[in-house]
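Before any comments, here is the structure.
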Amino acid sequence: MKRTLLIVALTVGYNLYAQQKLTVCEPIKLKCEHLSNPLGIDIQNPRLTWMLKDDRQGAMQTAYQLFVGTDSIAVDNNKGEVWDTGKQSNGDIIVSYSGKELNPLTKYFWKVKIWDKDGKPTTSKIVAFETGMMGRYNWKGTWISDHHDIHHKEAPYFRKAFEVKKTIKSARAYIAAAGLYELSLNGRKVGENWLDPMYTRFDKRTLYVVHDVTQQLQSGENAIGVILGNGWYNHQSLAVWDFHNAPWRNRPAFCMDLRIVYTDGTEETIVSEQDWKTSSGPITYNSIYTGEHYDARLEQEGWNTANFDDSKWQGVKYRSAPADLIISQQTVPIRLITPFTPKSTQKIDDKTYVFDMGQNMAGVTHVKAKGAAGTVLKIKHGERLHTDGRIDMANIDVYYRGDKENDPFQTDIFTLSGKKEDEFIPKFNYKGFRYVEVTSSQPISLQDLKITSYFMHSDVESVGEVKTSSKLVNDLWKVTNNAYLSNLMGYPTDCPQREKNGWTGDGHLAIETALYNFDAITVYEKWLADHRDEQQPNGVLPDIIPTGGWGYGTANGLDWTSTIAIIPWQIYMFYGDSRLLKDCYENIKRYVNYVDRTSPSGLTSFGRGDWVPVKSTSNLELTSSIYFYVDATILASAAKLFGQQEDYAKYDALSKKIKKAINDKFLNRSTGIYASGTQTELSMTLHWDLVPEDMKDKVAANLNKKVIETNFHLDVGVLGAKALLNALNNNGYGETAYQVAVQDSYPSWGWWVVNGATTLLENWDLKAERDISDNHMMFGEIGGWFFKSIGGILPDADQPGFKHILLKPSFPSTLDQSEVTHKSPYGSITSKWTKNKRTINYEVAVPPNSTATFYPPANIKEQTNIQLSAGKHKLVLTLL
């Protein structure tokens, strides 16, 4: 009782101080479709979200009211002519629009009024969203291209001049492309996006992007410029995945509407039509997979300005739309995020330099160079060096089947004009690399060669941080995030160099790490739409998504393509947003039904297995059947959530049948061993909750013993790497789990870091002969695990989105201090602790409108769960 009183006194005292600092509850971070002030909303029921700014103890929202309208002044005066929800007495912070029908190409203003814990109202600032085309028949432009076929190498350039005679109120460019585009107005690139539009199954769904170009137009003469790149649409480089045989493949094309609204209320739309002109230019070749070739001698200065003479340019060609569904790209864009200048430079000879950028990354290199006309620079990118200091491509070019002389892998070719300091940065390609090797056809001085590399990726907001007294833990968190971001290009990839493929297994194995660290919901909603596009009528999914047709073979299966169930469920857990789960519900059913038809016993071998294990091989039927159980369990939970009672009964029974079949065949009840008892087999059954309650202690003890036998080292592949630390930590062996996590000798995550890795690797063995990319995400569970273990920050399935937080931190004996933060939909959650001999000083921040329950680990003397309201709390705990 004395201990409980001490905790309460500290909590109340701490929050009384905080309450004096802020006494107003303010709604902030208003978003539509999880984006700030988005353009191009294409659906009738967009989600509106917000969070509260309120540092007071017990801060919460007791009611809300939404106002939506087309008149910002009316909305400011609490009049929502399009939608007024009235006062809703609940704490919801995510609401789907259900007012009057939204019109296309319209700007809507909205705000939220909330009532705080004391019943006092406060109103947010006004924000906006704009609808998009909302259907293909609202486009006025037509699809155009040049007159070349899929084999033509030069990128097509397009232009149109037009005149603005009135004062502009607003202007929006709506551009859809089959392939990639760069848009410019009056000689300047529009926006900061790269590699737009995102890669999709182009013949089913092609994306368009909306740009606010009000400030780039001018009174009088104007000009639009468009350059098209091949991207994944016209894949000219050959590789084992047959993208050159994609059914959608064609010469890139685009459709554009430039809609101008004038201050007098009139409108004008400049469209893609036959009056445009086209020409080739300095981009003589481009491949998303290999590189870009640029000849500065072919530059046409001012080509995208109004006074350019285009009399030698050709007319354009009409093209059919690549797909029936042309929809808005509602996800965060890819951007150049972090610049890197060389950490060191090695001169090989008068023609060759190798630059170490100090960081393995996905990105591009900007080159400035002076030299004689016709001088050719080959700019090669790689992850490793030969002993002579030059780039070694052997670990990443193994699946390339193209012309390595004329289309060298991960290499840009830059030909100088001789007239000036030339500049080049690829527009339609990216690479995975740490080192850049520049080889010139003529001797070149280092002072005439300047390079900057840019780490590029989907521009997701960082929402997680791990800071501890262990340098290795901090480094592991950082390198995991570097690997994750390197593999986020509008969809999650396996690696940014050798493949750039959306491997499904890598995607779901890393999903918790992704969501603890980054606000990536829009990326996953886009990618799961790709899943729905790619699913066969019988329910089967390929294991790379999107795909040109590769990946539907017998080797793919549940352990990979369970993305269709696992990712929507985890999005629901982290955001409290069931939209994606609902959108994928029928697809999950088709997938589970397919496996059920082909595996009526409840056991299946449909899968790839525990990929890249250290040494022990695990039973494929066991690991695949576990994911069958996971999918059926998620499907049953989703059915219950959506009120589908018949489905719930059916799939709940199926999950129980699978569980029984697994335990009947693989569990030796006398020994507590599954199958042959590998780390993977024991940890997966524990982690995914297959073990009967009366056997958990025995199976967990066997797993702990197995890990001790390896001296706290890993003996797993990707499936075991996902499960092992969680299975130990959640079953009474948190100390063992932590020792494995911070191991720094082979095989371990730490072994990579102490050997200089700045991203996660593909193979535990640094000297492996295959599967040796140096920037992979499939072993990425480690970065998210720190949030779940030493931070102990977990979502509650009964109140998802961290409406209620489960706090289950561990306090490893060899770690003295930890501070873990996750910015949830409700605000920042902080779990911070410091050891002082046998005392733990534990500080918690619970965001407004949320609550938490603290569950003390077994090594804490006080074994009482503590309920925590919103606010800051200090707990004093005693170690046993």
Side-chain angles (χ1 to χ4, degrees), residues 198-205 231-235 237-249 288-289 323 396 398-402 487-511 523-524 526-568 584 587-588 590-592 594-595 598-599 604-612 620 623-624 627-628 631 717-719 762 770-771 773 776-778:
M198 305 293 181
Y199 177 24
T200 58
R201 175 68 192 255
F202 295 102
D203 53 354
K204 290 191 176 181
R205 185 170 50 99
W232 295 97
Y233 182 67
N234 183 33
H235 205 282
S237 302
L238 303 182
V240 299
W241 301 281
D242 295 336
F243 286 108
H244 61 288
N245 289 326
W248 59 69
R249 189 177 171 194
I288 190 72
Y289 187 61
I396 55 173
V398 291
Y399 296 134
Y400 178 44
R401 299 291 182 264
N487 285 291
L488 202 67
M489 293 288 176
Y491 64 105
T493 64
D494 61 329
C495 54
Q497 12 63 9
R498 189 185 69 207
E499 301 185 30
K500 298 182 171 70
N501 278 322
W503 281 99
T504 49
D506 305 53
H508 76 72
L509 291 167
I511 186 62
V523 176
Y524 289 104
K526 179 267 173 195
W527 195 41
L528 267 293
D530 297 330
H531 279 62
R532 299 192 295 272
D533 287 345
E534 296 286 10
Q535 189 173 37
Q536 296 279 9
N538 66 356
V540 172
L541 290 155
D543 46 11
I544 60 170
I545 296 175
T547 178
W550 191 95
Y552 289 98
T554 56
N556 77 316
L558 289 137
D559 44 11
W560 257 241
T561 44
S562 286
T563 41
I564 192 65
I566 291 173
I567 289 181
C584 294
N587 305 85
I588 302 170
R590 284 202 293 274
Y591 191 55
V592 170
Y594 168 81
V595 183
T598 56
S599 308
T604 180
S605 297
F606 186 39
R608 289 187 173 273
D610 196 26
W611 198 255
V612 194
L620 175 62
T623 58
S624 293
Y627 277 99
F628 186 20
D631 293 349
V718 295
L719 305 183
E762 185 185 11
R770 57 161 292 168
D771 302 317
S773 152
H776 245 70
M777 197 54 199
M778 64 187 190

Do [X] and [Y] have side chains that approach each other closer than 4.5 Å (heavy atoms only, starting at C-beta)?
X: Arg201; Y: Pro247; answer: yes
X: Arg401; Y: Val240; answer: yes
X: Gln535; Y: Arg590; answer: yes
X: Tyr199; Y: Ile288; answer: no
X: Lys526; Y: Thr200; answer: yes
X: Gln536; Y: Tyr594; answer: no
X: His235; Y: Arg249; answer: no
X: Ile566; Y: Tyr627; answer: yes

Shortest non-hydrogen separation from [X] to [Y] and the atoms involved:
X: Phe606; Y: Asn556; answer: CE1-O, 3.0 Å
X: Pro492; Y: Tyr524; answer: CG-CE2, 4.0 Å
X: Val718; Y: Asp610; answer: N-OD1, 3.2 Å
X: Asp631; Y: Ser562; answer: OD2-OG, 2.7 Å

Hey, could you give me the [atom1]/[atom2] distance between [X] and [Y], rounded to the nearest 0.5 Å?
X: Ile544; Y: Phe243; atom1: CD1; atom2: CZ; result: 4.0 Å
X: Trp550; Y: Asp543; atom1: CH2; atom2: CG; result: 5.5 Å
X: Arg608; Y: Thr504; atom1: CZ; atom2: OG1; result: 8.5 Å
X: His776; Y: Asn487; atom1: NE2; atom2: CG; result: 7.5 Å
X: Tyr289; Y: Arg498; atom1: OH; atom2: CZ; result: 8.5 Å
X: Asp559; Y: Thr561; atom1: CG; atom2: OG1; result: 7.5 Å

Quick check, are the ring centers of His531 and Tyr591 under 6.0 angstrom apart?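 Judged by ring-centre distance (under 6.0 Å), His531 and Tyr591 do not meet the cut-off.
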Has [X] got a side-chain atom pairing as donor or acceptor with [Y]'s backbone, closer than 3.5 angstrom?
X: Asn501; Y: Trp503; result: no
X: Asp242; Y: Gly548; result: no
X: Asp771; Y: Glu762; result: no

Should the ring pair Tyr399 and Trp241 be called parallel, tilted or perpendicular, given that the plane angle runs from 0 to 90° and is split at 30 and 60?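 Ring orientation of Tyr399 relative to Trp241: perpendicular.
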Is it true that Arg532 and Asp530 have a side-chain N and a carboxylate O under 4.0 angstrom from each other?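 No, this pair does not count.
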Tell me whether Asp533 is salt-bridged to Arg205, with the criterion being a basic N under 4.0 Å from an acidic carboxylate O.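 Yes, Asp533 and Arg205 are salt-bridged.
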Is the closest side-chain donor-acceptor distance between Thr547 and Glu534 under 3.5 Å?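 Per modelled atom types, Thr547 and Glu534 side chains form no pair under 3.5 Å.
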